[in-house]
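Below is one structure, written out as structure tokens, with a few remarks after it.
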Amino acid sequence: MDSFNSARRDLLRLGAIGLAAAATTMPAAFAATHPSASTPTLGIFDIRTYGAVGDGKSVDTPAVNKAIEAAAAAGGGTVLFPAGTWLCFSIHLKSHVALYLAQGATILAADSPLPGATTGYNGGTYDAAEPNTAWDAYQDYGHNHWHNSLLWGEDLNDISITGPGLIYGKGLSFGGNRAARGNYPLYKAEQPGVGNKAIALKNCRNVIFRDFSILKGGHFGLLLTGVDNLTIDNLKIDTDRDGIDIDCCRNVHVSNCTVNSPWDDGICPKSSYALGYSRATENVTITNCYVTGNYELGTILDGTFKKFAPDFRVPRTGRIKCGTESNGGFKNITISNCVFEGCDGLALESEDGALCEDIAISNITMRDIFTSPIFIRLGARLRGPKESTKVGTMQRILIDNLVSSNANSRLCSIISGVPDHAIQDIKLSNIYQQHVGGAAQDSLAIRPPEFEEKYPDPGMFGPMPSQGFYLRHIRNLEMSHVEIQSIQPDPRPSFFLEGVNRADFIAVTAPTANPAFHLNKVTDLRILISRAARDIQLDTADNKDI
């Protein structure tokens, strides 16, 4: 008894999360014979107490939801998932309730119904998606629905999911009709009863996600829409669509996360119209994260880090991207100390009327990038209410201390507005950009189309006429201490400018076997103390090489 009293005092001192972890070590036989050790007394609601089995075969959703309801009815508490495999359909999160996934605990997504079926292999269904709305056309199906998820909540506050356990979305749809990946069945996301997200929240506040892992998270590992005061820390996500989508959220901190998402984006701030109105994503920090599209599904989590074969057809997306859904805008954003590998590069996109401003990006390393290391696009897709959706604005963007090595040479970095809508006030400094090189001589004649209304992606323009930066429709551009290097000789200029007003290039370095600059419809240009070209100041330049 003395040993138990000592353990009880330790539990009380540790607090709710420590309680959950320590409770997993309490001998079951001892707890059964000592009612005072009942975990609800300590603020811990063990799902086994409510009938959960944890054998990976019995559906535990009713017991899990009962435990969550009991914690909410008590004014709050921690719902404990001990070691075991807890097979579930939709789990309903509640305000003031924390979920704790102990080491060895797996929440396993039960099988969704196949087309034409009314239940999944496990004899149940996920919650029905919300009814369609008048604004569904402005986003794809996944962004407009939250209830058809493994774990979901709406209009909640003060919630968390923490602990070193695993969420395995085996029975979730990845939101498309493409061939199944691996041995997973093909589920149609729009079919009633199908789940297509691991975790989804709408209109919530004071939310913490920490320390757990997600394997195969469906269309979204995390879909968080209208969530304020949000912390995401130390997650590992190994999935076949988006990793983390942060949509119309404020005061967000993402840190220390690893995301392997070869088929889609890794960490993706968005500002869609899914709430029925435009709302900016703002006051966001993303730091100390690793994003990749390089590895076979599951091999990040099991530690084998098995790369796809070079000829295996997979987009290897995996990047950090703001967009493409961009009705409300992106404001006051920092991205720092992040590593990209075997994926697409960094992307900032305003396509649907977004105001993008006050964005600082620093200390980024990239290896083996498949598209543009940097892609900044102000476009005119304008997917939103016709009466209010106009071309947006991109301004005050700083990128500093970025290195990219062994990038695909077909696409350079691209910063492009559209006619009459220039990106403005852009500063890039301390950038080293190496690419494979070896482009054909006829690449010099390429003139990329505008594609103002096209879905924004670096590959939309086709092969580029620059080996370093393609810069179009920009006002007030400064590039300092930027170096372009090709592994193989490349005939293209390092900097291709078109429709650029007031540009300064200071201490830039580039291959000099061919002209470093091509200028078309450029005004107010200065090149200073650079190895790429001699010092020069031009009021205007049209179809000119330097």
Side-chain angles (χ1 to χ4, degrees), residues 47 51-69 81 84-93 99 106-133 136-137 139-154 166-202 214-223 225 237-243 245 261 263-264 274 297-298:
I47 60 174
V53 177
D55 61 2
K57 299 176 182 179
S58 305
V59 175
D60 289 319
T61 319
V64 170
N65 283 328
K66 285 179 183 177
I68 293 172
E69 289 165 4
F81 289 76
T85 300
W86 313 96
L87 184 68
C88 291
F89 290 101
S90 293
I91 296 170
H92 306 149
L93 304 176
L99 305 190
T106 297
I107 300 177
L108 175 62
D111 291 310
S112 289
L114 287 170
T118 56
T119 65
Y121 300 138
N122 304 117
T125 62
Y126 291 87
D127 290 348
E130 300 89 324
N132 290 333
T133 67
D136 279 11
Q139 300 79 219
D140 63 29
Y141 182 86
H143 293 87
N144 294 319
H145 301 91
W146 298 265
H147 295 182
N148 55 337
S149 303
L150 178 57
L151 299 103
W152 68 267
E154 184 173 355
L166 173 68
I167 297 172
Y168 179 17
K170 181 176 182 293
L172 300 176
S173 164
F174 52 72
N177 294 321
R178 291 171 286 177
R181 296 167 184 150
N183 295 319
Y184 303 113
L186 179 63
Y187 302 118
K188 298 185 70 173
E190 295 83 357
Q191 180 182 337
V194 170
N196 79 335
K197 292 165 284 287
I199 301 172
L201 296 180
K202 179 184 179 183
I214 296 176
L215 173 61
K216 193 179 181 295
H219 193 171
F220 306 93
L222 302 176
L223 176 63
T225 310
I237 300 176
D238 206 342
T239 190
D240 50 3
R241 283 298 300 273
D242 280 17
D245 273 35
S261 54
W263 285 271
D264 221 320
L297 186 63

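Sequence neighbours left out, the pairs with a member in residues 108-133 that pass ring pair (Phe, Tyr, Trp, His ring centres under 6.0 Å) are F89-Y126. Every pair passing side-chain hydrogen bond (donor to acceptor under 3.5 Å, both in side chains) that includes a residue from residues 110-120 is listed here, sequence neighbours excluded: D111-Y187.
The two atoms that bring L172 and G218 nearest to each other are CB-CA, 4.0 Å, heavy atoms only. Considering all non-hydrogen atoms of both residues, G124 and P113 come closest at O-CG, 4.4 Å. Nearest heavy atoms, R241 versus F174: NH1-O, 2.7 Å. For the pair V53 and D60, the tightest heavy-atom approach, listed with the atom from each and the gap, is N-OD1, 2.8 Å. Nearest heavy-atom pair across D140 and N144 is O-ND2, 3.3 Å. For the pair I47 and A67, the tightest heavy-atom approach, listed with the atom from each and the gap, is CG2-CB, 4.0 Å.
Put simply, CG on D242 and NE2 on H219 are 6.0 Å apart, with the number rounded to the nearest 0.5 Å. Between L87 atom CG and N122 atom CG the span is 4.5 Å, to the nearest 0.5 Å. From E190, atom CD reaches atom OH of Y141 across 6.0 Å, with rounding to the nearest 0.5 Å.
Side-chain atoms of D264 and S261 include no donor-acceptor pair closer than 3.5 Å. Using a 3.5 Å distance cut-off with no hydrogens or angles, the side chains of E154 and H147 do pair a donor with an acceptor.
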Query - Steps toward side-chain contact (heavy atoms from CB on, under 4.5 Å) verdict (L166, I107) - result: CA-CA 6 Å; L166 173 68; I107 300 177; over 6 Å; no
If you look only at distance, which donor and acceptor atoms sit under 3.5 Å apart when one is on a side chain in residues 191-201 and the other is two or more places apart or in another chain?
unit_1 : atom_1 : unit_2 : atom_2 : d
Q191   : NE2    : L114   : O      : 2.9
Q191   : NE2    : A117   : O      : 3.0
N196   : OD1    : N148   : ND2    : 3.4
K197   : NZ     : H145   : O      : 2.9
K197   : NZ     : N148   : OD1    : 3.2

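F220 and H143 have perpendicular rings, their planes meeting at more than 60° on a 0 to 90° scale where under 30° would count as parallel.
With contacts defined as side-chain heavy-atom distances shorter than 4.5 Å, the pair L99/V64 does not qualify. Side-chain contact between L108 and K170 is present, with heavy atoms from C-beta onward closer than 4.5 Å.
A donor-acceptor pair is defined here as one N or O able to donate and one able to accept, closer than 3.5 Å; such a pair exists between the side chain of S90 and the backbone of S149.
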